[in-house]
Structure formats: structure tokens, C-alpha cells
Number of protein chains: 2
Amino acid sequence: MQSLSVTLPKRGVFTFRYFFLVTLQKSVSSPLQIISVIIEGINCTKPTSRTVEVITIKDIAKALNLSTSTVSRALRGSYEINPETKRLVMEYAERMNYRPNPIALSLKENRSRSIGIIIPEIANNFFSQAINGMESIAYNRGYHVVISQNHESYERELVNTQYLAQRRVDGLIVSLSGESNDLEHFKELQSKGLPIVFFDRVPQDYITHKVSADNFVGAYEATAHLIQQGFRKIAHLTSPSWLSITYERLEGYKKALQNHGIPIEESYIKYCSHGGMIPEEVEKAVLELIHHPERPDAIFSAGDRLTTSSMSLIKREGLRIPEDIAIVGFTNLISAHLLSPALSAVTQPAYEMGQLATEFLIDLIERPKSTIRFETKRLETKLVIRESSLKPA
Amino acid sequence: MQSLSVTLPKRGVFTFRYFFLVTLQKSVSSPLQIISVIIEGINCTKPTSRTVEVITIKDIAKALNLSTSTVSRALRGSYEINPETKRLVMEYAERMNYRPNPIALSLKENRSRSIGIIIPEIANNFFSQAINGMESIAYNRGYHVVISQNHESYERELVNTQYLAQRRVDGLIVSLSGESNDLEHFKELQSKGLPIVFFDRVPQDYITHKVSADNFVGAYEATAHLIQQGFRKIAHLTSPSWLSITYERLEGYKKALQNHGIPIEESYIKYCSHGGMIPEEVEKAVLELIHHPERPDAIFSAGDRLTTSSMSLIKREGLRIPEDIAIVGFTNLISAHLLSPALSAVTQPAYEMGQLATEFLIDLIERPKSTIRFETKRLETKLVIRESSLKPA
DNA sequence: TTTTTTTATGCAATCGTTGTCGGTAACGTT
DNA sequence: AACGTTACCGACAACGATTGCATAAAAAAA
């Protein structure tokens, strides 16, 4: 390892304005390549002031020899302020780039113009698409969103909910964690006046706006499609039993079997009580299906992670899709068409669901006193048929 | 459409505690199936109180006939409070489930015990994994994270940065948007004392902690692998030219070609200035490569979206991977091994990068006065070779 | 000129919390 | 008896912004 002092030349898109003391950990052939080795030794004094000094209404008042109340009113355009004074204040505020302190406002008004999102996981295409939908609506209605994920843990859901409530979000959009069957924390907040809208994984026994996909129909169609392809031994790999999505999809699955006169085989139905967060659990479930005395010839699986995991496992066990086992997923995987084989999937209108939930919530926030007609919206799913569910000839 | 009044029976996991007036939009065969049709007509009065009444220190003071200062000190365990009083206060606070108001604290202390994350997109495996890493560290050092995405837009990055600063986050973790080459907004905040740590897409001309993957080496290895497989006409599909990741990967790519005596063909290098957010742009770039007079026999592509898009397009154009065009991606796609063909990829240690960046940031936040030795850490990437880059025999 | 009205501004309280300062007992020391 | 210590506790200001109320000055009406 060598240590040397280099002045880097201006070159390419970079402009180095500093002298570096660089410690190289690999030999380099050109100065430019230096950017690819570990630069360790830049010593530099950090700016010491910790106070992010921003202009307050008080500063404006002092500078213009006015009182804070006058400034405040001038900025809000109150009619009782002299137009001239108003202009003065406005101009000064503009020039100094004044922005009202949202924290002070939150404290005073007990609201924050922000809404909290509580979801299981952002590393999931369905949820990240939904978030984008929420942001789009919130953004142009003047709200910010605060995202928190609970990683399918009830504990974390609780903590996050409390935190957001303390932070005075004006409302919550929730998709329940895989562990949540107790909803007291939400009920309490709601009874204290905090609007809550559920989406995707919605509780049954709870009166508020709810947005979800039509899981029953989606599952029915997926199962019916498999049946129509000629599969008869259809398994169902799904999320924790107490979630609405699980129940509704299960019902759709069963109904499709019934309608086609296929008996329901309970040992074909596998719940993963952590929604795929624990690989071992999924592996156990899938292996049980694969090594079932009457091995299923198709799997209808719920959720991104369950679907990708089971595809991996089926392949790992040396079975072919769809020849040995066909598969249809209930998933919004963006790369579904690129999988091997291309994955047939029931997709949910995630973006629209997020938008709708947010509209519901902001309506609740901004029109709080009137009697509200709570709605439960179900949006249509779409079955996209690809290779993974086609019966070989 | 029929309208009827139903009392739903207790059954399964559901307990209906209310009488519903249900408007059915599809015919149903059993009461249970009702959950799968659109329930439209639930009329219900929302609780009217908008004030989320919470217990404050003042309430405790009043209830116990003490002053607020005494209560405050008792709660913080100050030595100058009578143990008996302390116990009284503590117990009462516990019983009433008192939680200090974080907003008031933020206002008073000009800090929030939260850190802001500014990234291009959460619907991206690399970033969502990184966020998980950040959360894990922040969480057990007593911080919350606030996530904001800019969708590769400079405008949004600016707005989000301002917002987070106003919200008094104690520091920022940033990965630049595809449009950002002006960094004044960060510089200004930093000069005012707000610690900032960059990760992944780091600016060159900026003195602070930085965390990134070793893009140069990662790109070098990927390219060298393709060369070693026997490919010679290797194209590079990448992100906007001014981003650090682009530059570093490009240098690695070029270096590998050079070292193997392969001339660099500029028309094989395609930049997508919106990082894959605009499908048309990617399509144009990929088609130009495919219809190049000297069609490349391999593509080294950066980013999740660029990689999946180019795979789609290559397939759509009727070409085979890797027979006609091989491909290696710089991506953290979790389903890479399931793609068709299984995708060879350079993966970054996203989780660890997030952790490290957060540790850096919290160190800056909590040890602000001393002279700090800023570091630029590069973490090793990993090349996983799968089918998509194997030269057919 | 005097009274009333209008216009424009300031004061002070408020939100929840904490730091500074000061005060009051009870007790011990000369 | 006078003073100092110690232990405990409360009043007040401050953080940034808003708002009801008071009020001064100016304008209008008498």
C-alpha cells in the first residue's frame, strides 16, 4: 500500500476542486481510475454549526419593525392589513425564502397535512405500486405521505401505528400485517377521531372505508382456468388464514372447484402464516405438496413471494412447469412475463387501489363532521394467462 | 339487481356484529358469498370528535396537583424530585398511557430523532433492500426513517429535500435522481449543519461520507466474464451519463475491453437519461442495438428496469438469449434466477450499504462538533453467473 | 369641535415540553 | 438566634405560528 498526494486533473465529466490525500489499495494505471479504488483518507473539517438557521416570522417582524401577528396576517393575506405593509412583508418573505415551520403548525393545529401508510413490505410490487398511487393523489391534494412497513409483524405494526399517531398524521391507510388479528390499536385511534382506511388486507369486523381487489372472483377465475385446461388436482398455497385476502381467495378457489364438480381436498390447501417472510415455512408447505401421495398437477398460489418461492422449489426438486405442476400466481410481479416459464397471474389494479384509498381517506379528513356513508370497494382483477398454466398437449 | 335486508350468521372466522342493508350486484348462492360482492349501502355515522385527545404533561400536573415542570422532571428521573412524587407521577403516567408529544419536542429541540431517505424509486429491489438495511440500524439506535421517492425527477428531489428539512429530520441519506447534476440544495442544507450521507449514486464533487458498491470492479468482472465466454461485440446499456454509477460502470466496462485488446465501439454504448422510467427511451436504445449493422452478441445492462426491459424487447424481436444476444445485468432482482433464461447478474450488497450509510449518518448526527474524517466506502459486488450469459457450444 | 367609525397594528394566549431561575421549607451548624 | 445547606418544587420563558381582543391613529360623521 502506498500513500501519495495527488492533484487530479480536470477531465471528463468531473471537476475536482480539492486537493486529496489519497490512500490507494490497488495499483492503478491512470489518475482517472482512482475513483474506482477505495479513497480512505480525506480529512476535512465538518461545518460546526448545528443550528439549521431558518427565517422565522419573528425575524421578519424584527427586520420590518412589525409585530409577529402583523407579519402572520400579512402573509395569510388578511384584509385588515395595510396593502402597503402586506407588500413589504410579502416581498421580504419571498426574498428571504421564508417557509412556515410545519412543526410549529402541527403543534398549534394538531394536524400535519400528512397521511400515514402502514403496509407489510415495500419490497413487493403490489405494495410499491399502491404507494405510487397514494402519493399521486396525496401530492396534488396537498398532503405528504409517510411510509412505514411492519415486515408482517404485529409488534412492528403497533409501534408504527403509535408513532404515526403521535406524529399527528391526519389519517391512516392500512394493509394489515400477517400477524394482526387484534385491531384494538386502530379502533382506539379511530374512536379518538383519526380517520382510517383499509386496503388490500381489510378487516371484516370494522366499519370504515375499505378498498380491495375482488379476490373471490380473481381466485375463481384462476382456478376455473386451471380446471378448463384439464387440471383436476389443484392445490392452493396461501397466506395466513385469518386475513381477508386469504379467506376470499380460498372461497373463490373452492367455489370454482365445486361448480365443476371437483371435491375439495383439504390437504391441498397450505397456509403460510408468515406470508412468505420465512423461507423454511414456504419450503415445508411446497415440499409437502410435491411429495403428497396424490401429487397435485397445479398450484394456485397467492402473493409474490409465495409464487416465486414455489417456482424455485419446484424447479429445484427437478419437476417441470407446467408439465409436472402448473402454476398460477396471485401477484403483481412486473417481471412475470420474463419468468421461466412465463407466469400466469391474477394481477390487481394496485395503483388504482392506492389512489382510491387515498381519496377515501382525504375525504374523511376534510369532511369530518357529516354523516358518512362508508364504502367497501372491490376492484376487478385481471387474469393474464401465460405458459405456466397451459396443459401440455 | 335486488335489494334485501340480511342478518348474517356467525360462521367461519367472521363475526358480524351489525345489521347490514346490502345491495347485491350479482346473484349469490349463500350468505357467505356476500363478502365477494360489492357492499355499497352501509350507512353509518362517523364518530364526530375530531380532537385526538391525548394526555399531556399538563393533565398529569393538574390531576396530581403539581406543576408541569415537576412532572416533566419526574418523568425524566431527575434527582431533585422526591422519590415518592416521582413514583406517583410515573404510575399515573403509566396508567394514563402518557407519551411525550414528539412534535412539541421537535419544536423545542429543533430535532426529530428521524432521518430522511431520498431515493429515486422504491419499486426497485436494490432500493427496497437498502431501505430495509437503513431501517434496521436506525430502529435500534432510536431513530425513525422517513422515506421519499423522486421518480428520477430533479424537481421532486428538490421538493422532498425541502420538505424533510422543514420537518427537521436530523440527517439525510440520499441517492441522487437521474436528473440531478445540480447539488446546491444539498450543499446549502449541509452548510447549515444538516448531515448528509450519499449512497449508490454519489456525487464526486462533494465532501461527506459516501457509500457505494464497487461499480468499477463489478462492471469489469461482468464484461470480462462475457469476453471470457467468447463474446466480442459487447454493448453497454446504462443510466444517465452524469451519474457516478454510470461513469464507474462504464470505466469498468471499457477497462475490461481494453485489457483484452477489444476496441471500444461508441455506438455500442447507450445511455437512457431517465434510467428506464420512460419505456420508449429504453425501447429506442435497445432497438438501435438490435438493428445495429454489426449487431452486438452480448449486452451488459445496468439497473433492474433496463435489464428486464431489454430482455422483453429482445424476446419480442424474436431473438434468443443467449444464442443471439447474451445478457448480464447490474441488478438486485430477487427473481433473477427464475427468469427465462436465468439471468446472470452483478448484485450489490444493498442491505449492507443501507446499514453502513445509516451508521455513518447517525455518527455524524451524534458527534457533530469534532473534526470528522469523511470516508468513501465501496462495497464489493458479486457476479452470479447463470444461463443468460453462457456462450452456446 | 366632539363623537363615532374605520383602519391598522400590537399584546398575549395557545399548542406541549424543557431549561433557567428562584423560592420555600426543614434541617444542621455555629 | 442567625445563618448556611439541602431537598424539592413552581413560575416563567422559549420554540414558531395563529388568533381573539384591545387600542391607537386616522377618517368620517355629528
Side-chain angles (χ1 to χ4, degrees), chain A residues 50-90 92-93 96-113 162-163 165-170 192-193, chain B residues 50-90 92-93 96-113 163 165-168 170 192-193:
Chain A
R50 275 291 295 147
T51 48
V52 180
E53 352 85 15
V54 280
I55 310 94
T56 73
I57 221 166
K58 219 178 279 183
D59 301 323
I60 302 182
K62 203 176 294 168
L64 266 48
N65 232 335
L66 292 169
S67 78
T68 57
S69 18
T70 307
V71 175
S72 170
R73 271 182 280 245
L75 289 171
R76 327 207 94 240
S78 164
Y79 68 98
E80 49 180 5
I81 296 296
N82 190 325
E84 178 60 14
T85 314
K86 223 185 266 187
R87 195 185 54 77
L88 235 62
V89 172
M90 297 283 211
Y92 188 81
M96 302 303 278
N97 200 23
Y98 167 79
R99 294 280 174 278
N101 182 329
I103 297 190
L105 285 177
S106 293
L107 182 60
K108 179 108 181 73
E109 304 188 345
N110 217 25
R111 63 187 308 233
S112 62
R113 292 200 78 77
Q162 302 298 356
Y163 175 76
Q166 279 171 25
R167 279 311 219 190
R168 293 294 181 281
V169 292
D170 298 341
K192 285 179 177 168
Chain B
R50 275 290 296 146
T51 48
V52 181
E53 351 87 13
V54 280
I55 308 94
T56 73
I57 224 168
K58 217 177 279 185
D59 302 322
I60 303 182
K62 204 176 294 171
L64 267 48
N65 234 336
L66 292 169
S67 80
T68 56
S69 1
T70 306
V71 175
S72 169
R73 269 179 293 249
L75 289 171
R76 329 207 95 238
S78 164
Y79 67 96
E80 47 179 11
I81 298 294
N82 190 325
E84 177 60 15
T85 313
K86 228 184 263 187
R87 195 184 55 76
L88 232 62
V89 173
M90 297 280 211
Y92 188 82
M96 302 302 279
N97 199 24
Y98 167 80
R99 293 279 174 279
N101 182 329
I103 297 190
L105 286 176
S106 292
L107 182 60
K108 185 118 184 68
E109 303 185 348
N110 216 25
R111 57 178 299 188
S112 60
R113 294 201 76 79
Y163 175 76
Q166 277 172 25
R167 282 318 251 189
R168 293 295 181 279
D170 298 342
K192 284 179 178 168

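Owing to the predicted nature of the structure, the values given are computational and were not obtained by experimental measurement.
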Worksheet entry | Whichever of T68(A) and P83(A) has its nearest DNA chain C nucleotide further upstream toward 5' | P83(A)
Length of the [atom1]-[atom2] vector between [X] and [N], whole Å:
X	N	atom1	atom2	answer
N65(B)	dA11(D)	CG	P	11 Å
E84(A)	dT7(C)	CD	C1'	15 Å
N101(A)	dT18(D)	CG	C1'	13 Å
R168(A)	dT17(C)	CZ	C1'	13 Å
I55(B)	dG16(C)	CD1	C1'	13 Å
K108(A)	dT18(D)	NZ	C1'	5 Å
R76(B)	dT18(C)	CZ	C1'	8 Å
L107(A)	dA14(D)	CG	C1'	12 Å

I want to check something: taking the side chain as every heavy atom from C-beta on, are [X] and [Y] in contact at a cut-off of under 4.5 Å?
X	Y	value
P100(A)	R76(A)	no
E84(B)	R87(B)	yes
N101(B)	T56(B)	no

Worksheet item: With no angle test and no hydrogens, is the base of dT20(C) tied to the side chain of R73(B) by a donor-acceptor pair under 3.5 Å?
Response: yes
Discussion item. For dA8(C), does the base pair up with any side-chain atom of T70(A) as donor and acceptor (N or O, under 3.5 Å, distance only)?
Written reply: no
Output yes when at least one side-chain N/O atom of [X] is less than 4.0 Å from OP1 or OP2 of [N], else no.
X	N	result
T85(B)	dC9(D)	yes
Y79(A)	dT6(C)	no
S72(B)	dT18(C)	yes

Would you indicate what [X] reaches in the nucleic acid, counting non-hydrogen atoms under 4.0 angstrom: base, sugar-phosphate, or nothing?
X	value
I103(B)	nothing
T56(B)	sugar-phosphate
D59(A)	nothing
S106(A)	nothing
K58(A)	sugar-phosphate

Fill in: Along DNA chain D (nearest heavy atom to each residue), the more 5'-positioned of I57(A) and S67(B)
S67(B)
Fill in: Closest-nucleotide ordering on DNA chain D, the 5'-leading residue of E109(B) and E80(B)
E80(B)
Worksheet entry | Worked check of side chain to side chain contact (heavy atoms under 4.5 Å, CB included) between Y98(B) and L75(B) | CA-CA 10 Å; Y98(B) 167 80; L75(B) 289 171; 3.6 Å; yes
Worksheet entry | Stepwise side chain to side chain contact (heavy atoms under 4.5 Å, CB included) check, V71(B) with L64(B) | CA-CA 9 Å; V71(B) 175; L64(B) 267 48; 5.8 Å; no
Worksheet item: Is a side-chain N or O of R168(B) found less than 3.5 angstrom from the main chain of Q166(B), in a donor-acceptor match?
Response: yes
Response to the item:
Taking dT18(C), dT9(C), dT17(C) as options, the one with an atom nearest any side-chain atom of N82(A) is dT9(C)
Worksheet item: Where the side chain of L105(B) is defined as all heavy atoms beyond and including C-beta, which of dC15(D), dT17(C), dG10(C) is the nearest nucleotide?
Response: dT17(C)
